[in-house]
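Please read the structure below before turning to the comments.
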Amino acid sequence: MDTKLKEPRPNRDHRVAVVILAVAIIATVGAILVYQNRPIVDTTTTANAITPPRYEWLRVSIIGDDYTYGSGAQPVDKYTEVLARQQCWKVNASAEVGTGFVKRGRNGTPYSDPARLDSVTTGDPELIVVQSSAADPATEQTAEQAELVFAGLRERAPDAFIVVLGPLDPPAIDDETIESLRSVLRVATESAGLMFLDPLDPIAGVWIGQNEYSSDGFAPNSSGHAGIARRLASYLEHVPELPRVYACDAVE
């Protein structure tokens, strides 16, 4: 009897491998075609379209004399600039040398001048600092002018938090005069319902030393301005009524 050898059956694993290879080839060709036909992206335009974050600042207005002007220190060292950098203040300063609640200076105007009050309250300030001048006399006139200034600021900026920085004790002014002026301004400030920050508070300690004034004995030097900035920031950061003054925050 003739016997025929059976042809071997195709190996099943071999067929599976062939199918997988074919799928892989098709997928590769498809990917190449998709890549070649992709839209061209203008990366320059995309990069330029990225909007940098905005930042919020505390809007602060300051009215003052030589101290706020920065006499005796480098421009970058004056206390207003130091606080602007450290506390994220956006400062609007009305500073005129030799002026005060009463003092007019050589070419300046007193704090109560309507133009100065208008200037310092522009921009919707959240905080207003009134820097008392040690050059003012300790008289009833100074008290009256201070009250006019406080009322004028409140009328023009009703939502602002107002603080009054009392006088320091520069070597050029005798201690008795400074103590009398300090008392006059404290009473006027408290009568107006405002906060009085006292650089001569014996409990807290003086803000700057006698060696931290410039050669004229009146204006602080750079070290003195740093002391004023440090102590003023320390006072204000514990005032709950104030807006946040700690740092710049990115705004979405």
Side-chain angles (χ1 to χ4, degrees), residues 60-71 79-80 83 91-123 125-170 172-202 204 206-208 218-220 228 231-232 235-236 239 241-242:
V60 181
S61 290
I62 305 174
I63 188 168
D65 64 355
D66 308 57
Y67 289 34
T68 299
Y69 185 81
S71 299
Y79 81 92
T80 57
L83 287 169
V91 177
N92 169 30
S94 174
E96 294 185 16
V97 174
T99 62
F101 292 108
V102 173
K103 298 289 287 187
R104 292 179 172 273
R106 288 194 299 267
N107 302 307
T109 53
Y111 295 177
S112 58
D113 182 82
R116 289 194 71 178
L117 295 178
D118 289 342
S119 174
V120 81
T121 52
T122 58
E126 298 166 278
L127 169 65
I128 298 177
V129 178
V130 183
Q131 178 248 307
S132 300
S133 174
D136 272 329
T139 62
E140 185 63 30
Q141 182 186 12
T142 295
E144 292 172 353
Q145 289 298 107
E147 291 170 0
L148 287 176
V149 170
F150 302 153
L153 293 174
R154 175 57 67 218
E155 178 183 358
R156 291 168 171 81
D159 297 325
F161 190 88
I162 303 174
V163 298
V164 180
L165 177 59
L168 279 82
D169 59 343
I173 310 293
D174 66 88
D175 292 343
E176 185 177 350
T177 298
I178 290 296
E179 286 293 337
S180 297
L181 177 61
R182 171 188 175 217
S183 297
V184 166
L185 293 177
R186 177 189 287 277
V187 171
T189 300
E190 293 176 350
S191 296
L194 304 180
M195 174 178 285
F196 185 78
L197 304 184
D198 188 6
L200 304 181
D201 184 348
V206 295
W207 285 28
I208 64 177
F218 184 78
I228 294 173
R231 296 297 294 273
L232 183 55
Y235 265 93
L236 295 178
V239 178
E241 297 91 342
L242 277 176

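- Scored by the side-chain hydrogen bond (donor to acceptor under 3.5 Å, both in side chains) test, Asp65 finds Gln131, Ser133 as partners (sequence neighbours excluded).
- Of all heavy-atom pairs spanning Ser61 and Thr122, the tightest one is OG-O, 4.3 Å.
- Scanning for side-chain hydrogen bond (donor to acceptor under 3.5 Å, both in side chains) contacts around Glu179 gives Arg182, with sequence neighbours left out.
- The side-chain hydrogen bond (donor to acceptor under 3.5 Å, both in side chains) check on Glu147 picks up nothing, with sequence neighbours excluded.
- Closest of all the heavy-atom pairs between Ile228 and Ile208 is N-CG2, 4.0 Å.
- Listed by chain and residue number, Glu96 satisfy the salt bridge (Lys or Arg N to Asp or Glu O under 4.0 Å) test with Arg116 (two or more places apart in sequence, or in another chain).
- With sequence neighbours excluded, the residues forming a side chain to side chain contact (heavy atoms under 4.5 Å, CB included) with Tyr69 are Ser71, Ala95, Val97, listed by chain and number.
- Shown here are the salt bridge (Lys or Arg N to Asp or Glu O under 4.0 Å) partners of Asp118, two or more places apart in sequence or in another chain: Arg156.
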What side-chain donor-acceptor pairs closer than 3.5 Å can you find for residues 184-194, not counting sequence neighbours?
{"from": "Arg186", "atom 1": "NH2", "to": "Asp198", "atom 2": "OD2", "distance (Å)": "2.8"}
{"from": "Thr189", "atom 1": "OG1", "to": "Leu185", "atom 2": "O", "distance (Å)": "2.7"}
{"from": "Ser191", "atom 1": "OG", "to": "Val187", "atom 2": "O", "distance (Å)": "2.8"}

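- Two rings, from Tyr235 and Trp207, have their centers less than 6.0 Å apart.
- Partners of Arg104 according to the salt bridge (Lys or Arg N to Asp or Glu O under 4.0 Å) rule, which considers only residues two or more places apart in sequence or in another chain, do not exist here.
- In terms of the side chain to side chain contact (heavy atoms under 4.5 Å, CB included) criterion, residue partners of Glu176 (sequence neighbours excluded) are, by chain and number, Asp174.
- Applying the side chain to side chain contact (heavy atoms under 4.5 Å, CB included) rule to Glu144 yields the partners Glu140; only residues at least two apart in sequence or on another chain are considered.
- For the residue pair Ser119 and Asn92, the shortest heavy atom distance occurs at O-ND2, 3.0 Å.
- Taking Phe218 as the reference, Tyr67 meet the ring pair (Phe, Tyr, Trp, His ring centres under 6.0 Å) condition, with sequence neighbours excluded.
- When the side chain to side chain contact (heavy atoms under 4.5 Å, CB included) test is applied to Thr139, the partners found at least two apart in sequence or on another chain are Pro137, Gln141, Thr142.
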